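Excluded from the calculations below are hydrogen atoms, water molecules and symmetry mates; all remaining heavy atoms, backbone and side chain alike, are included. Treat the numbers as computed from the prediction; the structure is a model and nothing was measured.
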Amino acid sequence: MIESNYLELLKAYRVDKKSAKELWSEINTNYSKKNRHYHNLKHLGVLLGQLTEVKDQINNWKVILFTLYYHDIIYYSTKNNNEERSADLASKRMTEIGVNEIEIKLCFEQIMATKTHVKHSNADTNFFIDADLSILGREPRIYKIYCENIRKEYAIYPNFLYNKGRKKVIKHFLSMDRIFKTEAFYSKFESQAKLNLECELGQL
């Protein structure tokens, strides 16, 4: 589903089959790396499912899809510029297939918004960052698996360093008036997300 959805997106830009396969291969290779315990193809599938549920409220579905496929295409737990590099690569690939500058800029901004997950002036961007955070509001069993997978991605760091960084992330979300910016995601995930985050914080 993830692959076919991406290839279907490219058809709108008349990308030939050979180029389309090469573009998909790049995405598949990056999201399938051994260090990807959470930020992988399964994550993209979950995002696609969450966003499809609110598709009728999204203004530019094509841009949302480009953002989805490229937002974590570059991901190294030891780096702090993953969003910038992912946004740059998305812009490059979108330019190559003829996407207009306005949509490229919007995709770039949406990817960069995942760095802080703060409310954005663009409604579609808020839907995307909410979907990206939807794991926080899942049932405790699934949230626990998410935590374990994130820890695996940061396995290079000893507990005292990882816990310090993780606490900072959790407190960032808990300090927000609203973790989820759209009503659709707020009503569905907000309460459980706060419970999950507070529980994890207490265990670190």
Side-chain angles (χ1 to χ4, degrees), residues 1-79 81-115 117 120 122-135 142 145-146 149-150 152-153 182 184-185:
M1 181 181 176
I2 293 296
E3 179 181 358
S4 60
N5 187 277
Y6 179 74
L7 296 177
E8 190 64 30
L9 171 64
L10 296 185
K11 287 182 181 179
Y13 302 92
R14 298 179 181 177
V15 179
D16 64 81
K17 288 185 177 180
K18 181 176 182 294
S19 297
K21 286 185 177 181
E22 289 174 353
L23 287 166
W24 168 251
S25 179
E26 179 180 51
I27 290 171
N28 184 51
T29 298
N30 278 280
Y31 283 93
S32 300
K33 289 181 178 178
K34 290 183 178 180
N35 65 313
R36 303 286 194 119
H37 299 280
Y38 173 71
H39 295 91
N40 50 31
L41 292 175
K42 183 178 180 181
H43 171 57
L44 297 190
V46 171
L47 279 182
L48 182 58
Q50 293 290 349
L51 289 165
T52 299
E53 289 183 17
V54 294
K55 185 177 180 180
D56 61 337
Q57 298 181 61
I58 292 173
N59 296 309
N60 196 320
W61 183 246
K62 290 178 184 176
V63 172
I64 281 286
L65 289 180
F66 277 118
T67 301
L68 186 156
Y69 284 101
Y70 286 97
H71 79 289
D72 285 327
I73 192 165
I74 305 297
Y75 181 79
Y76 297 98
S77 61
T78 56
K79 305 291 184 180
N81 64 344
N82 292 313
E83 292 84 3
E84 288 86 351
R85 293 177 64 192
S86 294
D88 284 340
L89 183 55
S91 298
K92 182 179 180 182
R93 296 293 178 255
M94 292 170 77
T95 299
E96 290 170 352
I97 65 174
V99 181
N100 69 67
E101 290 184 9
I102 293 174
E103 293 185 326
I104 292 173
K105 183 175 183 292
L106 180 54
C107 179
F108 187 96
E109 291 176 350
Q110 286 176 352
I111 293 175
M112 289 306 300
T114 66
K115 197 175 183 77
H117 294 95
H120 199 275
N122 180 271
D124 283 2
T125 301
N126 288 327
F127 275 114
F128 187 80
I129 59 178
D130 276 3
D132 196 35
L133 293 181
S134 62
I135 185 65
I142 294 178
I145 294 171
Y146 152 73
N149 286 332
I150 290 294
K152 289 176 184 176
E153 290 187 345
T182 64
F185 282 88

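Taken to the nearest 0.5 Å, the CD1 atom of Ile129 stands 11.5 Å off from the OG1 atom of Thr67. Here the OG-CG distance, from Ser86 to Asn81, works out to 9.0 Å after rounding to the nearest 0.5 Å. Atoms CD and CD1, on Glu84 and Ile74 in that order, are 12.0 Å from each other to the nearest 0.5 Å. From Lys55, atom NZ reaches atom CZ of Phe127 across 14.0 Å, with rounding to the nearest 0.5 Å. Going from atom CG of Leu10 over to atom NZ of Lys17 covers 13.0 Å, rounded to the nearest 0.5 Å.
For the pair Phe128 and Leu47, the minimum side-chain heavy-atom distance is below 4.5 Å. Inter-residue side-chain proximity for Trp61 and Asp124 is flagged as unmet; no heavy-atom pair is nearer than 4.5 Å. Two residues are said to be in side-chain contact when any heavy atoms from C-beta on lie closer than 4.5 Å; Ile97 and Phe66 meet this criterion. Two residues are said to be in side-chain contact when any heavy atoms from C-beta on lie closer than 4.5 Å; Arg93 and Tyr69 fail this criterion. In this structure the side chain of Lys11 never reaches within 4.5 angstrom of the side chain of Leu7, judged on heavy atoms. Counting only heavy atoms from C-beta outward, the side chains of Asn5 and Glu8 never approach each other to under 4.5 Å. Contact annotation: the side chain of Thr125 never approaches that of Glu109 to less than 4.5 Å [non-hydrogen atoms, C-beta and beyond]. With contacts defined as side-chain heavy-atom distances shorter than 4.5 Å, the pair Ile27/Ile73 qualifies.
A donor-acceptor pair shorter than 3.5 Å can be found between the side chains of Lys33 and Tyr76. Checking Asp130 against Thr182 by side-chain atom types alone, a donor-acceptor pair falls below 3.5 Å. A donor and an acceptor atom, one from each side chain of His43 and Asp132, are located under 3.5 Å apart.
Ring geometry for Tyr38 versus Tyr146: interplanar angle over 60°, hence perpendicular rather than tilted (30 to 60°).
Counting non-hydrogen atoms of neighbouring residues, nucleotides and ligands closer than 6.0 angstrom, the NZ atom of Lys21 reaches no more than 12 such neighbours.
Salt-bridge formation is not detected for the pair Lys105/Glu101: no Lys NZ or Arg NE/NH1/NH2 atom is positioned less than 4.0 Å from an Asp or Glu carboxylate oxygen.
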- Query: Going through the distances and angles, do Tyr70 and Asn30 end up as a side chain to side chain contact (heavy atoms under 4.5 Å, CB included)?
  - Reply: CA-CA 10 Å; Tyr70 286 97; Asn30 278 280; over 6 Å; no

